[in-house]
Each structure stands twice: as structure tokens, then as C-alpha cells.
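Just so it is clear, the model here is predicted, and its values are computed rather than measured. Lettering follows sequence order; numbering is per chain, from 1. The analysis underlying the following values was restricted to heavy atoms, covering all of them including side chains, and did not include hydrogens, waters or symmetry mates.
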Amino acid sequence: MHSETIVIMPEGPSIVILREELSQFKGKKVLHVSGNAKIELERMKGKKVLDMRSWGKHFLMSFDDFFIRIHLLMFGSYRVNEEKEAAPRLKLQFKNGEFSFYTCSVKLIEGNVDDVYDWERDTMSDVWDPEKAYKSLVLEKEELICDSLLDQEIFAGVGNIIKNEVLFLTKVQPASLVKDIPMKKLKEIVKTAREYCFDFLRWKRIFELKKHYRVHTKNVCADCGSKIVLMQKMGKRKRRSFFCPHCQVLYTKE
DNA sequence: TATAATGTTTGAAC
DNA sequence: AGTTCAAACATTAT
């Protein structure tokens with residue numbers, strides 16, 4: 001029994017890693033439940049975790065007639081076979097070990113995950129559907145592309161780092177309106193979002209993610225040397241956007 | 001030490 | 001009544 005830790009940067013790929021680390025408890029019976037989550041904890045006691053899945057930034061544990069949805073939000077974390085100082089929000093103990101979640105959102109939802117989630121919307125899923133994402137994206141005419149990329153209904157799992165990196169890779173400025181971006185470029189954004197999610201996953205696994213940032217938190221463009229622009233609260237989501245004003249195109253109505 | 005960050009939900013205000 | 005927006009939540013590194 002060894003201990004594992006850490007989720008920071010809880011975007012979709014990090015939740016895939018979380019799910020993999022906890023999969024050792026899939027099919028196992030819950031012996032003890034504790035934590036300060038405001039749900040009926042007892043519902044899990046003595047029951048088997050039938051499945052563990054993820055959808056975007058959601059981690060899902062299925063039981064007989066309900067499932068638990070965990071969202072790490074901004075500051076959530078978890079530990080396997082060890083504890084932090086802080087009180088766990090949810091702790092599950094099994095014969096073969098235990099895990100705890102901290103400062104996260106925990107919900108108990110009646111029914112089956114398949115009734116709630118469209119797996120084709122999850123950028124990390126085997127059945128992710130780029131066509132579907134594209135069709136939803138083009139409808140968001142009046143949105144800024146930086147807002148649409150963070151829309152979990154379209155790109156479940158994409159977070160702010162992925163947003164900034166994808167826009168850099170596709171050479172689009174975050175303040176471009178969706179309706180002003182050519183169809184071909186929108187398709188490239190969809191494709192690149194998916195690909196970058198898997199690059200993020202690969203680098204995250206080997207603790208090399210930050211090393212590969214091209215624009216996020218950077219001061220100087222790696223490609224042209226221009227100063228990277230940081231806008232603190234861009235768009236309706238008010239998130240940080242980093243971009244190179246030289247390499248990235250601002251699409252406008254003209 | 002004050003600040004800010006990878007995110008979402010809630011409820012007030014219009 | 002529907003939309004929008006700010007506040008709330010809460011941890012950790014810099």
C-alpha cells in the first residue's frame with residue numbers, strides 16, 4: 001500500500017489521472033464513510049462502487065441507484081492512503097485502502113450517470129464528437145472565443161490553461177468573436193482543443209506540464225519574442241487571457 | 001503578508 | 001419572469 005497525492009490544475013486531463021489512481025477501488029465494497037459533505041453519506045456504506053468515470057472536470061462514482069459527483073472547483077485536492085491536516089469532505093475506506101477528498105463540491109445524484117451525461121461532449125472521452133462541438137460552437141456567434149472554449153456544454157474538461165494554449169497554437173486572439181472566425185479556423189480550434197488535452201495529460205503524468213506552456217503565464221512569445229499580453233478578466237467569464245498580439249490574429253468584422 | 005489562481009453555483013439586482 | 005452579474009466558497013504558492 002503506497003500513498004499518492006495531489007490534484008492541482010483540475011482541468012479535464014487531471015481528472016482522468018484522478019480516476020485512474022482511484023480505479024483500484026472500483027468494484028470494492030465501502031466499509032466506512034466519513035466527511036463533512038452535506039449529503040447522505042450512509043447511502044454508500046456497505047455498497048460496492050460499481051463504476052468510476054469522469055466527464056470533463058467531474059469525477060463520478062456509481063452505486064446501485066445513485067452516483068456521487070465530485071468537482072474539485074479551484075482548490076480541491078485528494079489523497080490516497082494518507083490524510084492531510086484538513087478535515088476531509090469525503091473519505092471512503094475499503095479493505096484494500098482508502099481515499100479522501102478536500103475542499104470540493106460533492107453531490108449525490110439519483111439515477112444513472114448515462115441519463116445525465118452526454119459522453120460525446122467530454123474532450124477526454126473515447127467517444128468525443130468534434131462535429132457536435134463544432135455545430136454548437138458556430139451557434140455562439142456573439143460570444144468571444146475565449147468564453148466559448150470554457151463552455152463546459154461544448155468543451156467539457158477545457159479549463160483556462162488549455163484555453164490559452166489552444167488559442168496560441170491556432171493563432172487566434174482570445175477576444176475574437178466566434179462569428180468573425182472562419183469556419184476552417186473554428187474546426188481547427190475544435191481539433192486542437194482535443195489534441196492539446198491529451199498533450200496536457202501526457203505532460204501532467206510526467207510532471208512536465210508547466211515546462212510546455214507556450215503562452216500561459218509567459219512574458220515573452222517563444223515564437224517571435226514579442227511581449228505577451230495579459231488581460232486579467234476577459235469576457236463574460238472574467239478569466240485571464242494570455243496572448244501574443246503578433247502571432248495571434250484578432251478576427252474582426254472588418 | 002497580501003494577492004491571485006487551474007472553477008462553479010447561488011442569489012441579488014435589474 | 002428571464003437575464004446578468006457579483007459574491008461566495010476556500011487553499012496554497014509567490
Side-chain angles (χ1 to χ4, degrees), chain A residues 5-19 21 35-39 54-60 68-79 82-91 99-109 116-118 121-124 139-144 146-169 174 193 196-219 228-243:
Chain A
T5 10
I6 309 164
V7 153
I8 39 170
M9 305 191 202
E11 302 190 27
S14 298
I15 307 307
V16 168
I17 293 170
L18 185 164
R19 193 224 313 137
E21 288 182 352
N36 56 23
K38 294 189 180 91
I39 61 166
S54 57
W55 182 90
K57 300 165 191 170
H58 299 201
F59 172 62
L60 307 165
I68 300 293
R69 190 207 83 169
I70 293 177
H71 199 303
L72 298 179
L73 301 172
M74 199 79 110
F75 311 122
S77 62
Y78 67 98
R79 296 288 186 276
E82 65 175 16
E83 286 227 30
K84 299 212 302 185
E85 287 299 310
R89 183 133 303 156
L90 178 65
K91 177 177 180 178
F99 59 81
S100 302
F101 280 93
Y102 306 87
T103 32
C104 54
S105 159
V106 178
K107 287 193 172 170
L108 187 158
I109 300 168
V116 176
Y117 290 99
D118 180 352
R121 295 291 188 182
D122 175 12
T123 54
M124 299 309 295
L139 295 177
E140 304 229 310
K141 295 184 175 60
E142 302 300 327
E143 299 287 348
L144 301 184
C146 61
D147 282 326
S148 290
L149 265 170
L150 290 173
D151 187 337
Q152 300 299 295
E153 302 286 317
I154 304 179
F155 298 102
V158 169
N160 207 38
I161 296 172
I162 296 173
K163 173 200 86 180
N164 282 321
E165 294 295 317
V166 167
L167 291 175
F168 180 82
L169 291 170
Y196 186 76
C197 279
F198 283 85
D199 286 339
F200 184 121
L201 175 61
R202 195 172 75 249
W203 292 325
K204 182 87 177 147
R205 284 191 204 284
I206 56 176
F207 309 101
E208 271 189 9
L209 178 64
K210 263 189 194 167
K211 196 170 103 178
H212 293 277
Y213 289 170
R214 304 289 303 283
V215 70
H216 190 77
T217 69
K218 294 297 186 183
N219 296 121
I228 294 297
V229 174
L230 163 58
M231 291 196 65
Q232 275 298 340
K233 294 180 176 178
M234 187 184 278
K236 68 179 186 186
R237 298 181 199 276
K238 306 240 185 300
R239 304 301 301 277
R240 295 201 295 178
S241 283
F242 294 85
F243 63 95

Hey, does the side chain of [X] come within less than 4.0 Å of [N]'s phosphate (OP1/OP2), counting only N and O?
X	N	result
A/Gln232	B/dA5	yes
A/His216	B/dT6	yes
A/Lys84	C/dT12	yes
A/Arg239	B/dT6	yes
A/Arg240	B/dA4	no
A/Lys57	B/dT8	yes

When you look for runs of 3 or more Watson-Crick or G-U pairs in a row, both distances below 3.5 Å, which of them include DNA chain B?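 As far as DNA chain B goes, consecutive pairing (with distances under 3.5 Å) yields the stems B:2-5 with C:11-14, B:7-14 with C:2-9.
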What integer distance in Å separates [X]:[atom1] from [N]:[atom2]?
X	N	atom1	atom2	result
A/Lys236	B/dT8	NZ	P	13 Å
A/Glu143	C/dT3	CD	C1'	13 Å
A/Lys210	C/dT14	NZ	P	6 Å
A/Ile70	B/dT8	CD1	P	15 Å
A/Leu230	B/dA4	CG	P	11 Å
A/Met74	C/dA13	CE	C1'	14 Å
A/Lys233	B/dT3	NZ	C1'	12 Å
A/Met234	B/dA4	CE	C1'	18 Å

Min side-chain heavy-atom separation A/Gln152-A/Arg121 under 4.5 Å: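 They are not in contact (no side-chain heavy atoms under 4.5 Å apart), so the answer is no.
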pair A/Asn219-A/Ile228: side-chain heavy atoms closer than 4.5 Å: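 Contact flag for A/Asn219/A/Ile228 side chains = no.
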In terms of side-chain heavy atoms, does A/Ser14 have a donor or acceptor partner in A/Lys57 at a distance below 3.5 Å?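 Checked: A/Ser14/A/Lys57 side chains show no N/O donor-acceptor pair below 3.5 Å.
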Hey, can you tell me if A/Trp203 and A/His212 have their rings parallel, tilted or perpendicular (30° and 60° cut-offs)?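 Parallel: the ring planes of A/Trp203 and A/His212 meet at under 30°.
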Working for side-chain contact (heavy atoms from CB on, under 4.5 Å), residues A/Tyr213 and A/Lys218: CA-CA 8 Å; A/Tyr213 289 170; A/Lys218 294 297 186 183; 4.0 Å; yes
Which sits closer to the 5' end of DNA chain C, A/Arg89 or A/Lys238, going by the nucleotide each is nearest to?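 Closer to the 5' end of DNA chain C: A/Lys238.
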Among A/Ile39, A/Ile70, A/Val106, find the one that has a side chain to side chain contact (heavy atoms under 4.5 Å, CB included) with A/Arg89.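 With A/Arg89 as partner, side chain to side chain contact (heavy atoms under 4.5 Å, CB included) holds for just one option, A/Val106.
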Between B/dT6, B/dT10, B/dG7, which nucleotide has the shortest distance from any of its atoms to the side chain of A/Ile161?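 Selected nucleotide (nearest to the side chain): B/dT6.
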